[in-house]
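Following: one structure in structure tokens, then a few remarks.
Residue numbers start at 1 and run along the sequence shown. Whatever order the structure lists ligands and atoms in, that order sets their numbers, starting from 1.
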Amino acid sequence: MKDQRFVMKCGGSTLAALPDAFFEDLRDMQEKGIQPVIVHGGGPAINETLGKLGIESRFVGGLRVTDEPTLDVVEMVLAGRINKEIVRKLQKNGAQAIGLSGTDGKLILAKPVANAHEVGLVGDVTGVNASLVEGIIELGFIPVIAPIGIDEEGQRYNINADTAAGAVASELGVDTMIVVTDVPGIMRTVDGEKIVLPQVTFADIEEMIRSEEIYGGMIPKVRAAMSCLHGNVKEVLIVNGSADRVLSRAVTEGDIGTRIIRS
Ligand SMILES: Nc1ncnc2c1ncn2[C@@H]1O[C@H](COP(=O)(O)OP(=O)(O)O)[C@@H](O)[C@H]1O
Ligand SMILES: CC(=O)N[C@@H](CCC(=O)OP(=O)(O)O)C(=O)O
């Protein structure tokens, strides 16, 4: 990786299980002058809290159907519980971190998604306050960003965390985005055996979506990957968070998980 800066998206599927070693790895990278920017999810924790409140979770095309009461819970869980938990774990392992939501300093500007009539207050990113993120990095902190967006009128939006991370990576102009999840990469069954594909192109992805070999939560990841690879981002890596030294291996060696490239 030429760039010393990268964006990492950390999925809710894996957050609770991330070992201390994962955060120590981030600390070591920070000490070496590598600058991670973290965007996180938290879908399972949102489902759990909504469930406790007796609110049913509904998804259309992988996006949570979000009204104002749901958005209160989404913001509370993502910008409160999960964001602060990540910051605490980083600090406990010797890294320096500051947590913010996309609404702070209008970090993530958003507009309603095209199918807002179906999903409600779900947003697409229209802009990222890159200078705010850069300012935090310059101060020596890892920015930890919750995927809530805001528009110029002050309306909040729930944004899929993969989509938010892709937009942040694009706007910061980093070379690499690393998507940390609960599987070792994009998998395919070959001769009855499940294998991890070391590299996939856009054409491979489109074919695997058509054949339903890529489904569910993997779809927003590959779509966000393709979208940021249309811009300045050169590679997106999908990796498993519990693999040993996964981030430094992804950043320095790139020999882990699935690499998505333009062609
Ligand atoms: N081809 C594929 N290879 C690997 N995982 C896949 C594939 N297609 C769909 N998936 C699913 O995508 C899931 C990861 O997405 P998701 O659960 O939304 O994670 P996260 O919370 O990290 O965003 C995997 O656990 C797996 O069930
Ligand atoms: C619009 C939308 O669906 N937003 C997501 C935001 C969190 C997320 O994306 O978390 P994961 O990365 O863990 O899936 C949600 O409400 O669940």
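Per-residue contacts place Val122 under 4.0 angstrom from the following atoms of ligand 2 (heavy atoms of the residue considered): 1 (C). Residue contact check: Ile46 has heavy atoms under 4.0 Å from atoms 15 (C), 16 (O), 17 (O) of ligand 2. Each of the following atoms of ligand 1 lies closer than 4.0 Å to a heavy atom of Ile186: 1 (N), 3 (N). In summary, the atoms of ligand 2 found under 4.0 Å from a heavy atom of Ile159, numbered by their order in the structure, are 4 (N), 6 (C). Taking every non-hydrogen atom of Gly11 and a distance limit under 4.0 Å, the qualifying atoms of ligand 1 come out as 20 (P), 21 (O), 22 (O). For ligand 2 and Ala161, the ligand atoms under 4.0 Å from any heavy atom of the residue are 8 (C), 9 (O), 12 (O). The contact set between ligand 2 and Gly41, taken as ligand atoms under 4.0 Å from a residue heavy atom, comprises 8 (C), 10 (O), 11 (P), 12 (O), 13 (O).
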Would Ser131 and Asn129 count as a side-chain hydrogen bond (donor to acceptor under 3.5 Å, both in side chains) if you check the C-alpha gap in whole Å, the side-chain angles of each, and the deciding distance to 0.1 Å? CA-CA 6 Å; Ser131 57; Asn129 187 345; 3.1 Å; yes
With salt bridge (charged side-chain N to carboxylate O under 4.0 Å, His left out) as the test, would you mind laying out the steps for Arg210 and Glu206 before giving the verdict? CA-CA 6 Å; Arg210 263 197 306 277; Glu206 294 298 355; 5.3 Å; no
Derivation of the salt bridge (charged side-chain N to carboxylate O under 4.0 Å, His left out) call for Lys92 and Asp20: CA-CA 9 Å; Lys92 181 178 155 227; Asp20 276 350; 3.4 Å; yes
As a quick check of understanding, evaluate salt bridge (charged side-chain N to carboxylate O under 4.0 Å, His left out) for Lys111 and Asp151, giving each step before the final call. CA-CA 6 Å; Lys111 64 169 189 196; Asp151 67 18; over 6 Å; no
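In this structure, Asn240 contributes its side chain and Ser242 its backbone to a donor-acceptor pair below 3.5 Å.
Every N/O-N/O distance between Ser13 and ligand 2 stays at or above 3.5 Å. Taking only nitrogen or oxygen atoms, main chain and side chain alike, Gly43 reaches within less than 3.5 Å of ligand 2. For ligand 2, the polar-atom distance check against Gly12 finds a nitrogen or oxygen pair separated by under 3.5 Å. In terms of polar-atom proximity, defined here as any N/O pair under 3.5 Å, Asn158 does make such a contact with ligand 2. For the pair Pro44 and ligand 2, the shortest N or O to N or O distance does not fall below 3.5 Å. In terms of N/O distances under 3.5 Å, ligand 2 is not approached by Leu78.
At a heavy-atom cutoff of 4.0 Å, ligand 1 is contacted by no atom of His40, backbone or side chain. Contacts between Thr181 and ligand 1 below 4.0 angstrom, taking non-hydrogen atoms only, involve backbone and side chain alike.
Closest to atom 9 (C) of ligand 1 among all protein heavy atoms lies Tyr215 O, 2.9 Å. Of all protein heavy atoms, the one closest to atom 15 (C) of ligand 2 is Arg64 NE, 3.4 Å. Of the protein's non-hydrogen atoms, Met218 N, 3.5 Å is the one closest to atom 12 (O) of ligand 1. Considering only non-hydrogen protein atoms, atom 3 (N) of ligand 1 sits nearest to Met187 N, 2.8 Å. Looking only at protein heavy atoms, the nearest one to atom 18 (O) of ligand 1 is Gly217 CA, 3.3 Å. Asp182 OD1, 4.1 Å is the protein heavy atom nearest to atom 13 (C) of ligand 1. If you check which protein heavy atom lies closest to atom 12 (O) of ligand 2, you get Lys9 NZ, 2.6 Å.
Here Glu171 contributes atom CD and Leu107 contributes atom CG; the two are 10.5 Å apart, rounded to the nearest 0.5 Å. To the nearest 0.5 Å, atom CD1 of residue Ile186 and atom CD1 of residue Ile205 are 5.0 Å apart. Arg5 CZ to Thr176 OG1: the interatomic distance, rounded to the nearest 0.5 Å, is 13.0 Å.
Closest heavy-atom approach to atom 2 (C) of ligand 1 among the candidates Glu213, Met208, Lys221: Glu213. Of the candidates Gly41, Ser13, Gly216, the one placing a heavy atom closest to atom 21 (O) of ligand 1 is Ser13.
Salt bridge absent: Arg245 and Glu24 never bring a charged side-chain N and a carboxylate O closer than 4.0 Å. Using a cut-off of 4.0 Å between Lys/Arg side-chain N and Asp/Glu carboxylate O, Arg223 and Asp162 are scored as not salt-bridged. Asp72 has a carboxylate O that lies under 4.0 Å from a charged side-chain N of Arg156, or vice versa, which qualifies the two as a salt bridge.
In the model, Asp104 has no side-chain atom that pairs as donor or acceptor with a side-chain atom of Ser101 under 3.5 Å. Judged purely by distance below 3.5 Å, without hydrogens or angles, the side chains of Asp182 and Thr14 never pair a donor atom with an acceptor atom. Under 3.5 Å, the side chains of Asn160 and Arg64 contain no donor-acceptor pair of N or O atoms. Side-chain contact of Glu68 with Gln155: a donor-acceptor pair under 3.5 Å is present, judged by distance alone.
Not a single heavy atom of His40 lies less than 4.0 angstrom from ligand 2. Residue contact annotation: Thr14 has no non-hydrogen atom under 4.0 Å from ligand 1. Residue Gly217 places every heavy atom at 4.0 Å or more from ligand 2. At least one heavy atom of Gly185 sits less than 4.0 Å from an atom of ligand 1.
The minimum heavy-atom distance linking Ala164 with Val125 is given by the pair CA-CG2, 4.3 Å.
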